[in-house]
Amino acid sequence: MCTTCGCGDGETRIEGEDPHGHEHEHLHADGTRHVHSHSHDGGDSHHHAHAHGHGHAYMPAHSHAPGMAKGRMVQIEQDILAKNNAYARQNREQFAKRGIFALNLVSSPGSGKTTLLVKTIEALAGRQPVAVIEGDQQTSNDAERIRATGAPAIQINTGKGCHLDAHMVGHALEKLALADASLLMIENVGNLVCPASFDLGEAHKVVILSVTEGEDKPIKYPDMFAAASLMLLNKCDLLPYLAFDVDSAIAHARRVNPGIEVIRTSSTSGEGMAEWLAWIARGAAAARG
Amino acid sequence: MHEMSIAEGVLQLIEEAASRDGFTHVRTIWVEIGRLSGVEPEALAFCFDAVTRGSIAEGAAFEIVAVPGRGLCYECGRETELEAVYDACRHCGAVPVQVTGGTEMRVKELEVD
Ligand SMILES: Nc1nc2c(ncn2[C@@H]2O[C@H](COP(=O)(O)OP(=O)(O)OP(=O)(O)O)[C@@H](O)[C@H]2O)c(=O)[nH]1
Ligand SMILES: [Mg+2]
Ligand SMILES: [Zn+2]
């Protein structure tokens, strides 16, 4: 149980926290061992909508097995993401009160997020306070790379979890030396699917697509590109060596999200850095109000 | 697999309802999953089974009510069904279409004892 707010946190670990302080209410220590052991795979594919094979066919809502008294119906009508969204709202209120410009950086693994963050922090040194929350399944390597620049950073390890959620970020914020009017960059777990559904309280999602990944990524993973305000087309220094079609990549992104802004960047050559920094400066000024 | 966290969210809603309402066992749960919600219904059912072991919802039948994706065409102004967020309007072929439904993930109701 999370002692601050009473929520279960799975196997998430936030740097500097007692690892036993966040045991999960439902999963317990053996939670992840709970791989489906009874028969999903008995050839009865119609059971796919059931949590497990009861051996009865699909029953329309409100029906019940013959010969069995019907149970009592309880109306719920609640959004499953409501919890996360409530935490996201709290984070967003904190950001607004403190003039913080928060970005949620999402991408496939290895698109160059941490390298870009380091370059961004170096470029902003002395001009704009910056802090970073790093999400990875394991290791604090990325947070250490950020701290080497002198900026405060905190690592969240999600264990088997494939995305950050607003609750984890709220806890990381308690541990992070975040100055008012900071730029807060949250590097999400490398994954183009799951982080799309979880609002962290950020001002914008920024999706990083490196040119080695193929120009059709935006339509293969449309939810992420639909959720982002800005796409950084990264590692553009490699374009001379690739058959990557920049216009087609941008067209795919705009098909999913007509309003998405695009900046071509490279941490290696510095291409697009000025434009990216100007985009940040506009958002940070707006956040300071 | 964010279906695991979604399933945990479902269980949390069930447990909150149980402490409000006093039931001790869940027989069936109806969950509305939109076509455009980004959740894979089969994966969610599988995860629900895993996270509810040892809980009041262990063994509950997990009924998914699929909600189709819906959009409003900017071009011709008509309603159109969407399989994906970037689909073209079925009537006039225009893209993009404004998404108006099918992104929901809701726990609707429970059959309990
Ligand atoms: N050519 C080129 N390589 C880059 C660039 N940016 C990063 N890389 C390389 O890409 C690899 C991954 O970079 P990271 O910054 O660790 O990527 P990441 O997105 O943070 O990776 P994860 O956190 O593991 O998902 C490293 O070998 C970098 O040196 C770039 O602009 N151009
Ligand atoms: Mg990284
Ligand atoms: Zn139309």
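Source: prediction; values computed, not measured. Note on naming: letters A, B, ... go to the chains in the order of the sequence lines (proteins, then strands), and numbering restarts at 1 for each one.
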For the student: nearest non-hydrogen atoms of [X] and [Y], plus distance:
X	Y	answer
A:I80	B:L13	CA-CD1, 4.0 Å
A:H163	B:S5	CE1-OG, 2.7 Å
B:D113	A:G71	OD1-CA, 4.1 Å

Original post:
Pick from B:I33, B:V85, B:T103, B:V39: which one has the most heavy-atom pairs with chain A under 4.5 Å?
Top reply: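 The candidate making the most pairs under 4.5 Å is B:V85.
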Side chain, backbone, both or neither of [X] within contact of chain A (heavy atoms, under 4.5 Å):
X	answer
B:S37	backbone
B:V99	neither
B:E16	side chain

To the nearest 0.5 Å, tell me how far [X] [atom1] sits from [Y] [atom2].
X	Y	atom1	atom2	answer
A:K83	B:E8	NZ	CD	12.0 Å
B:E3	A:C162	CD	SG	8.0 Å
B:E32	A:I76	CD	CD1	13.0 Å

Subject >> Any side-chain heavy-atom pair of B:V112 and A:M73 under 4.5 Å >> reply: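 No. Closest side-chain heavy atoms not under 4.5 Å.
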Original post:
How about B:E75: does its CD atom have over 12 heavy atoms from other parts shown lying under 6.0 Å from it?
Top reply: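 At most 12 heavy atoms, drawn from other residues, nucleotides or ligands, come within 6.0 Å of this atom.
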Subject >> All salt bridge (charged side-chain N to carboxylate O under 4.0 Å, His left out) counterparts of B:R106, not counting sequence neighbours >> reply: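 With sequence neighbours excluded, B:R106 shows a salt bridge (charged side-chain N to carboxylate O under 4.0 Å, His left out) to A:E77, given in chain and number order.
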**OP:** Report the C-alpha distance between A:N191 and B:H2 in whole Å, list the side-chain angles of each, state the deciding distance to 0.1 Å, and finish with yes or no for side-chain contact (heavy atoms from CB on, under 4.5 Å).
**Re:** CA-CA 10 Å; A:N191 176 344; B:H2 66 310; over 6 Å; no
Subject >> A:F198, part contacting chain B, at a heavy-atom distance under 4.5 Å >> reply: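 Side chain only.
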Original post:
Quick one: which of A:R254, A:H252, A:R255 gives a side-chain contact (heavy atoms from CB on, under 4.5 Å) with B:Y86?
Top reply: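 Running side-chain contact (heavy atoms from CB on, under 4.5 Å) over A:R254, A:H252, A:R255 with B:Y86 returns exactly one hit, A:R255.
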Subject >> Derivation and outcome, side-chain contact (heavy atoms from CB on, under 4.5 Å), residues A:L81 and B:I6 >> reply: CA-CA 7 Å; A:L81 288 175; B:I6 302 290; 3.8 Å; yes
**OP:** Could you give me the CA-CA distance, side-chain angles and deciding distance for A:K70 and B:E111, then say whether side-chain contact (heavy atoms from CB on, under 4.5 Å) is met?
**Re:** CA-CA 8 Å; A:K70 188 177 183 303; B:E111 183 188 11; 3.7 Å; yes
**OP:** Go through A:V256, A:N257, A:N84 and name the one with the most non-hydrogen pairs under 4.5 angstrom from chain B.
**Re:**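 That would be A:V256.
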Original post:
Step by step, would you call A:V74 with B:E109 a side-chain contact (heavy atoms from CB on, under 4.5 Å)?
Top reply: CA-CA 6 Å; A:V74 178; B:E109 61 184 334; over 6 Å; no
